[in-house]
Amino acid sequence: MFRRERSIPLRGSAAALCNNLSVLQLPVRNLTHFGVVHGPSAQLLSAAPEGVPLAQRQLQAKEGAGVSPPLITQVHWCVLPFRVLLVLTSHRGIQMYESDGSVMVYWHALDAGDASLVQAVFARGIAASGHFICVGMWSGRVLVFDIPAKGPNIVLSEELAGHQTPVTDIATEPAQGQDCVADVVTADDSGLLCVWRSGPKFKLLTRIPGFGVPCPSVQLWQGTIAAGYGNGQVRLYEASTGTLHVQIDAHARAICALDLAPEVGKLLSAAEDTFVHIWKLSRSPEGGYIEVEHCHGECVPDTQVCGARFCDPSGSSFAVTGYDLAEILRFSSILSPVQQRKGRPNWPTCYKQRRIQSPTAHRSSPLPTRSCCQHTVSHW
Amino acid sequence: MLRAAWRALSSIRTQAVTQAPVLGLPGGGCAKLLSVQRDLPSRPGGLILRAARGYATQKPVQPSHEDDPLPSMLLKDYQDIPGIEKVDDVVKKILSLEMANQKEKLKIKKEQLMKKVVENPKDTGSLEARILNDIISTMFNRKFMEELFKPQELYSKKALRTVYDRLAHASIMRLNQASMDKDVLLVTFNHLDAIKGFIQDSPTILHQVDETFQQLTETYGGLSAGEFQLIRQTLLIFFQDLHIRVSIFLKDKVQNSSGRFVLPVSGPLPWGTKVPGLIRTFNHKGEEVRKAEFKHGGSYVAAPKEGSFELYGDRVLKLGTNMYSVNRPVETHMSGASENLAAQTQESIAPNPLAKEELNLLARLIGGMEIKKPSGPEPGFRLNLFTTDEEEEQAALTRPEELSYEVINIQATQDQQTNEELARIMGEFEILDQPRRSASKGDDLLAMMDEL
């Protein structure tokens with residue numbers, strides 16, 4: 001069902017962190033941005049749909065107090081209503097850049113004040129919720145930054161206290177418009193999940209205990225939390241109440257990344273056992289319960305996967321990074337998106353662009369050739 | 001570790017009383033890096049240096065030639081090719097230690113030494129075992145261990161390389177297989193168990209190792225799984241981008257030829273992980289509503305029991321056990337000292353298939369050789385007995401003029417020789433009585449071919 005596409009080469013190999021791949025999809029400009037952490041530096045590159053790398057940039061972790069060079073823990077693009085920011089978390093602090101990584105707009109140094117000598121100090125876990133950006137810390141606190149529509153005037157608005165162990169990942173979902181709707185989930189090293197409602201003051205709604213198994217990755221979709229655990233399980237909870245709905249024994253090793261394609265309800269899980277699985281989430285018609293169906297499993301041989309993301313909103317292609325691998329592996333569905341979706345077909349962007357550019361040429365020229373993209377379009 | 005032992009031995013041979021540069025690596029460089037970060041009273045490199053020095057001054061050992069390898073033994077690279085015994089005597093002689101230089105002899109001697117040490121763990125009287133004991137007792141010295149256990153940041157590659165050059169363990173490179181995080185601790189315990197096996201008869205050293213064990217349990221036993229993950233991820237940063245191929249790993253198919261480790265998709269699962277394949281659905285009351293299965297592509301079995309974290313116990317985990325132990329199904333052909341991070345890439349098994357090809361070529365050449373006068377610039381087949389073309393040109397330049405030679409055009413495809421012709425050539429192909437000691441093997445062969 002999926003075939004391997006051309007890999008995108010990286011300048012430095014990927015580090016063995018969790019969630020070590022961030023993808024920013026720009027369908028309007030026909031570009032995809034990828035971000036991978038190498039160690040003390042992070043690599044950003046933008047690629048055309050066929051995987052041809054176009055531009056490349058490396059960002060270094062900002063030095064602060066300390067002896068050894070600081071290591072980056074995560075890089076993530078935050079899509080806010082009026083702008084897109086790139087956030088880098090490291091063992092020294094939090095750096096925020098413009099979406100292409102050109103200008104640093106904000107730097108927040110970590111305060112190691114109350115950390116004991118044995119504890120490592122770092123920031124990890126990045127997500128955007130409305131006009132806030134939430135970043136987790138080694139202490140379990142979550143920093144909430146208020147981002148203005150333009151400019152560097154970023155303010156630390158709140159510090160959430162819900163966790164006792166280092167935060168691993170944060171997931172958010174656009175608010176559905178009603179009251180009491182959970183739209184932020186934070187996870188930590190003990191497996192505890194905290195469910196919040198965002199706003200000028202964040203409110204803690206529920207806690208879901210984890211029994212000591214770390215939860216490296218978490219996602220939120222239509223009020224359902226999908227959490228991947230260190231023992232290879234993926235569990236789906238109801239966000240508002242915290243009840244467990246589905247438990248999947250998905251992987252043989254610790255899960256390192258989860259991603260969602262929210263338009264179609266597809267969940268991607270990747271683990272260190274070299275497997276990547278795609279699941280279809282749906283609501284059952286009778287009780288409205290969440291149901292899971294396994295769509296596809298892909299084995300990436302001899303690769304300790306450390307990051308996986310969908311590359312387009314319909315979930316028909318995804319990218320994978322592996323520890324010590326100096327390339328981003330890409331996979332895409334063999335079925336064309338026209339065949340995949342039911343209902344009105346969504347014309348692919350490249351076709352739309354061609355139409356806008358030369359309406360007369362369309363009538364006289366033949367079908368868009370295969371070399372443009374893998375979409376097949378029926379001629380009118 | 002054993003490489004350090006070998007170095008110590010070889011340095012003893014060259015000088016009766018050792019001077020400062022015993023172990024080759026400057027202890028000063030190591031100290032500088034470490035003391036910048038912490039005020040260490042003792043330097044790990046220095047301790048080993050001191051031990052080796054102390055050992056050397058106590059018992060000046062004269063280099064002995066009794067246990068030199070036999071001159072009829074084959075070169076190391078050609079030893080384990082299947083069918084090597086059936087090869088012609090002449091070829092065997094060429095490839096034997098008779099013709100070889102000192103370096104080859106040393107290689108074989110090193111290997112024999114290694115075999116002796118590993119095969120006789122109970123033999124504490126022998127020289128090799130005594131060295132091992134000394135090194136282990138230095139390594140587990142209390143003060144050193146205390147310093148090591150202080151929480152500190154990851155050293156740079158250079159500093160750690162210095163330390164690891166002396167304290168080498170082959171199985172540390174299997175770190176990226178250790179999954180459920182307590183596995184890392186079990187792997188360390190496996191290492192310690194193996195070390196204890198080496199030093200069974202010496203109670204003081206055993207006590208030291210036990211103390212280290214306890215310190216390990218104290219420090220790391222209380223860590224959570226998440227903290228272990230962080231330790232593991234930090235250690236993996238150290239190993240990132242090192243694609244050093246280690247021959248025993250290549251032989252065991254643990255590493256493939258590109259340097260990447262093989263991650264098996266079958267086998268036992270870590271303790272606490274269930275076999276993948278099950279989807280269980282619950283309703284809001286917590287009752288199981290549905291159970292479905294999916295195909296997950298690997299073939300795993302659940303772990304039989306949890307590994308023991310006690311001083312003595314069944315670790316269950318196979319990672320970290322001694323890869324050099326004798327009772328392994330693989331043929332015990334240990335390629336040099338225990339490989340460590342500073343292992344050279346020339347130690348990979350690539351020469352073996354190459355050696356086979358060379359042998360084949362030689363056999364073909366002897367079978368179908370035709371000597372004729374150089375008749376113009378025929379492309380033909382140019383035999384290069386040197387590693388690079390430049391070397392060949394250089395050798396050609398430095399050859400004395402009296403040893404002129406004709407260009408021998410070898411047409412390996414044509415096989416027109418009759419048996420008599422073959423016998424004549426073989427008769428002329430005789431070995432000189434005294435093998436000449438020349439700078440390269442190539443010169444010898446060329447000179448021999450001149451006599452044809």
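By convention in this document, chain letters (A, B, ...) are assigned in the order of the sequence lines, proteins followed by strands, and residues within each chain are numbered from 1.
The two residues L236(B) and A16(A) have their closest heavy-atom pair at CD1-CB, 3.6 Å. The two atoms that bring G272(B) and N231(A) nearest to each other are O-CB, 3.6 Å, heavy atoms only. Here the shortest heavy-atom pairing between V262(B) and D302(A) reads CA-OD1, 3.5 Å. T273(B) approaches A252(A) most closely through the heavy-atom pair CG2-O, 3.5 Å. A pairwise comparison of heavy atoms in H277(A) and K295(B) identifies CE1-O, 4.4 Å as the closest pair.
Of the atoms belonging to V289(B), not a single heavy atom falls under 4.5 Å from chain A. Residue A14(A) touches chain B through its backbone alone, counting heavy-atom pairs closer than 4.5 Å. Using a 4.5 Å cut-off between heavy atoms, Q233(A) contacts chain B through its side chain alone, with no backbone atom that close. When heavy atoms are compared at a cutoff of 4.5 Å, H91(A) does not approach chain B at all.
Chosen from Y229(A), F122(A), W279(A), the residue pairing most often with chain B at heavy-atom distances under 4.5 Å is W279(A). When each of H245(A), H294(A), E291(A) is checked for heavy-atom pairs under 4.5 Å with chain B, H245(A) comes out on top. Ranked by heavy-atom pairs under 4.5 Å with chain B, the first of T274(A), L244(A), T73(A) is L244(A). Counting heavy-atom pairs under 4.5 Å between each of A120(A), C306(A), A250(A) and chain B puts A250(A) at the top. Between chain B and the options C299(A), A15(A), A326(A), the largest number of non-hydrogen pairs under 4.5 Å is found for A15(A).
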>> Could you go through V265(B) and F275(A), starting from their C-alpha distance and side-chain angles, then the distance that decides it, and tell me whether this counts as side chain to side chain contact (heavy atoms under 4.5 Å, CB included)?
In response: CA-CA 9 Å; V265(B) 288; F275(A) 280 94; 3.7 Å; yes
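Counting non-hydrogen atoms of other residues, nucleotides and ligands closer than 6.0 Å to CD of E211(B) gives a total above 12. Counting non-hydrogen atoms of other residues, nucleotides and ligands closer than 6.0 Å to CD of E293(B) gives a total of 12 or fewer.
Separating the CZ atom in F282(B) from the CG atom in L236(A) is a distance of 11.0 Å, to the nearest 0.5 Å. Rounded to the nearest 0.5 angstrom, F294(B) CZ and I248(A) CD1 are separated by 7.0 Å. Note that the CZ atom of R253(A) and the CG atom of L263(B) stand 8.5 Å from one another [nearest 0.5 Å]. One finds the CG atom of L269(B) at 13.0 Å from the NE2 atom of H251(A) (value rounded to the nearest 0.5 Å).
In this structure a side-chain-to-backbone donor-acceptor pair under 3.5 Å is missing from Q240(B) to G12(A). Panel note: side chain R260(B), backbone D324(A); a donor-acceptor pair is recorded below 3.5 Å.
The shortest side-chain heavy-atom distance between Q247(A) and I279(B) does not fall under the 4.5 Å cut-off. Within the 4.5 Å cutoff, no side-chain heavy atoms of T168(A) are placed close to those of Q229(B).
Under the 30°/60° scheme for interplanar angles, the aromatic rings of H284(B) and Y289(A) are found to be tilted.
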